[in-house]
Number of protein chains: 2
Amino acid sequence: MARTGRPRSFDRDAAVTIATHLFWQHGYEGVSLDQLRTAMGGISSASFYAAFGSKEALYREALSVYLATYGRVTDALRDQTLPPRERIEHALRRSAMMQTTPGHPTGCMVTLSATIGSDQTTALKGLTATERQANRQAIVLCVTSAIENGTLPAEVDTVGLAAMFDGLLLGISLLARDGMTGDVLNGAISNAMRAWDMLAIAPR
Amino acid sequence: MARTGRPRSFDRDAAVTIATHLFWQHGYEGVSLDQLRTAMGGISSASFYAAFGSKEALYREALSVYLATYGRVTDALRDQTLPPRERIEHALRRSAMMQTTPGHPTGCMVTLSATIGSDQTTALKGLTATERQANRQAIVLCVTSAIENGTLPAEVDTVGLAAMFDGLLLGISLLARDGMTGDVLNGAISNAMRAWDMLAIAPR
DNA sequence: CGACTTCTGGATCGAGTAGTTCAGATCTCA
DNA sequence: TGAGATCTGAACTACTCGATCCAGAAGTCG
């Protein structure tokens, strides 16, 4: 992008990745500029602001990176090549696996990094809330699709069943933060899927 | 308690309640001394420290108050007068109801107020983590009790089934924060209980 | 009353916060 | 080579953070 002028002395993409992990681990307000700059290799305040604009702008960029990488685990919810039940199960299992894999913070950045905090972060809370809302709607759509294609009976409490999976998806972040392993989370998911199977018309 | 000396100019218990609500809403690091003192009626910094010692000490006190009041909704998990299944269901439904009742913040203070944040709050994170761990063990105990009394077969994945209810219990806090109503949460709980009923030996 | 105890108003502290400024270094390109 | 663009090091700003200090107010008790 930059064609002329003194070249940047650090890898911007790597720095954003570092920021992503820090915000993911500690939340937006739990990370200081000092922490970010130090983790980025001790870059100066001027370099930081020249490269990223502000702490909030960096967070937005870090969240985008997260959504485009780790966050893709919930894409299964919108995968039309899968039956509705499998969309939900795959999203849950991939989330559980990703959120307990070493090499990055546990839990989900969308769920944890900007949910509680001071009133000054209302805008960022809205950002992550929008993402959670999108998953919520996708889960509801899985249930309604299953009713439409005859997998689930029409009398099913769509909102309630969807909220159960949604609640578990969100809860997995907290379980992962509390140190639960991927195996345990997978066991939880297996049991949650029973609630679907009990309602299903065709035996599985 | 104080017998002689100048009397306190504010209601200490009421102030702790105010602090409880603030920490509950914004988390430990999301509330400033200024906010606390202002909400307490504009008391001075000296009054604050004379009464509470420190921000951290006040948080610990606020958490105790929470556990002794709102937090009692999960006591059902240890109510030996209830069958194991009902212990879990009652705890879930009472939590959902409490966490969506107007007049105080939504969600659960134990789950939300000291989970993410900077490294300086490790001690407080441990405080709430201990409480979550206690609920976790109580849920596991409900499942093992049900196996022992013959309600559930011995082959049940104890840890997985317990983790499902645990995950939902934690997830309810996030759903409540995202604006889900008590009715929706109750629907989610009804569906989660189906997972238990599908495993149960005696039909319900 | 006077000694004693406790709390308050107000100023203040040092550390930490996000962010700015600017001279000079380092590059591209004509 | 030199003009123009971009980035960096270092000092610095304005503000907020949690916490402290002290003189004096306001109570109890002998």
Side-chain angles (χ1 to χ4, degrees), chain A residues 1-16 18-19 22-23 26-63 113-114 116-125, chain B residues 1-16 18-19 22-23 26-63 113-114 116-125:
Chain A
M1 49 196 301
R3 296 179 32 80
T4 78
R6 179 173 176 173
R8 213 187 302 278
S9 65
F10 61 97
D11 184 334
R12 192 182 186 284
D13 288 344
V16 172
I18 288 168
L22 279 173
F23 285 133
H26 302 292
Y28 175 71
E29 290 182 313
V31 184
S32 71
L33 257 290
D34 233 44
Q35 237 180 312
L36 288 164
R37 286 171 31 224
T38 301
M40 288 173 179
I43 69 170
S44 74
S45 198
S47 298
F48 178 92
Y49 281 91
F52 306 114
S54 70
K55 183 187 176 186
E56 176 169 340
L58 174 61
Y59 175 84
R60 290 172 183 272
E61 203 169 327
L63 185 63
S113 72
I116 52 156
S118 78
D119 283 332
Q120 297 164 21
T121 64
T122 310
L124 297 183
K125 288 183 198 167
Chain B
M1 47 197 300
R3 296 179 33 81
T4 79
R6 179 172 175 175
R8 213 186 302 275
S9 66
F10 62 98
D11 183 335
R12 192 182 185 284
D13 288 343
V16 172
I18 288 169
L22 279 173
F23 285 132
H26 302 292
Y28 176 70
E29 290 183 313
V31 183
S32 70
L33 256 291
D34 233 44
Q35 238 179 309
L36 287 164
R37 285 169 33 224
T38 301
M40 288 173 181
I43 69 171
S44 74
S45 200
S47 299
F48 178 93
Y49 282 92
F52 307 114
S54 70
K55 183 187 176 186
E56 176 169 340
L58 174 60
Y59 174 84
R60 290 172 182 272
E61 203 170 327
L63 185 63
S113 72
I116 52 154
S118 79
D119 283 332
Q120 297 164 22
T121 64
T122 310
L124 298 183
K125 288 183 197 167

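To find a chain, count down the sequence lines: A is the first, B the second, and so on, and within it residues start at 1.
Regarding contacts with the backbone of D:dT8, a side-chain N or O of A:Ser47 is found under 4.0 angstrom from either OP1 or OP2. Residue A:Arg8 places at least one side-chain N or O closer than 4.0 Å to OP1 or OP2 of D:dC7.
Here D:dA26 presents its C1' atom at 5 Å from CZ of B:Arg6, a figure rounded to the nearest Å. Going from atom CD1 of A:Ile43 over to atom P of C:dA18 covers 13 Å, rounded to whole Å. Atom CD in A:Glu56 sits about 18 Å away from atom P in C:dT17, given to the nearest Å. Atom CZ of B:Arg12 is separated from atom C1' of C:dT8 by 16 Å (rounded to the nearest Å). If you take CZ of B:Arg37 and P of C:dG10, they are 12 Å apart, rounded to a whole angstrom. The separation between A:Phe48 atom CZ and D:dC7 atom P is 15 Å, rounded to whole Å. Separating the CD atom of A:Gln35 from the P atom of C:dT17 is a distance of 8 Å, rounded to the nearest angstrom.
Under the salt bridge (charged side-chain N to carboxylate O under 4.0 Å, His left out) criterion, A:Asp11 pairs with no residue at all, not counting sequence neighbours. In this view, B:Ser47 and B:Phe10, B:Ile43, B:Ser44 satisfy the side-chain contact (heavy atoms from CB on, under 4.5 Å) rule, not counting sequence neighbours. For A:Ser9, the side-chain contact (heavy atoms from CB on, under 4.5 Å) test picks out no residue, with sequence neighbours left out. In this structure B:Arg6 satisfies the salt bridge (charged side-chain N to carboxylate O under 4.0 Å, His left out) test with no other residue, sequence neighbours excluded.
Remark: the A:Ser118 side chain and the A:Glu29 side chain contain an N/O donor-acceptor pair separated by less than 3.5 Å.
Annotation: the span from B:Asp13 atom CG to B:Glu61 atom CD amounts to 8.5 Å, rounded to 0.5 Å. In this structure, CG in A:Leu63 is found 10.5 Å from CZ in A:Phe23, a value given to the nearest 0.5 Å. Rounding to the nearest 0.5 Å gives a distance of 11.0 Å between OG of B:Ser45 and CG of B:Leu36.
Within 4.0 Å (heavy atoms only), A:Phe52 reaches no atom of the nucleic acid at all. Looking at heavy-atom distances under 4.0 Å, A:Ser44 makes contact with a base.
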Might you list the N or O atoms of the protein lying below 3.5 Å from N or O atoms in nucleotides 28-30 of chain D, with each pair's distance?
residue	atom	partner	partner atom	Å
D:dC29	OP1	B:Arg3	NH2	2.7

Under a 4.0 Å heavy-atom criterion, the protein footprint on nucleotides 11-18 of chain D, written with B, S and -, is ------SS
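Taking every heavy atom of both residues into account, A:Arg60 and A:Ala123 meet most closely at NH2-CB, 4.0 Å.
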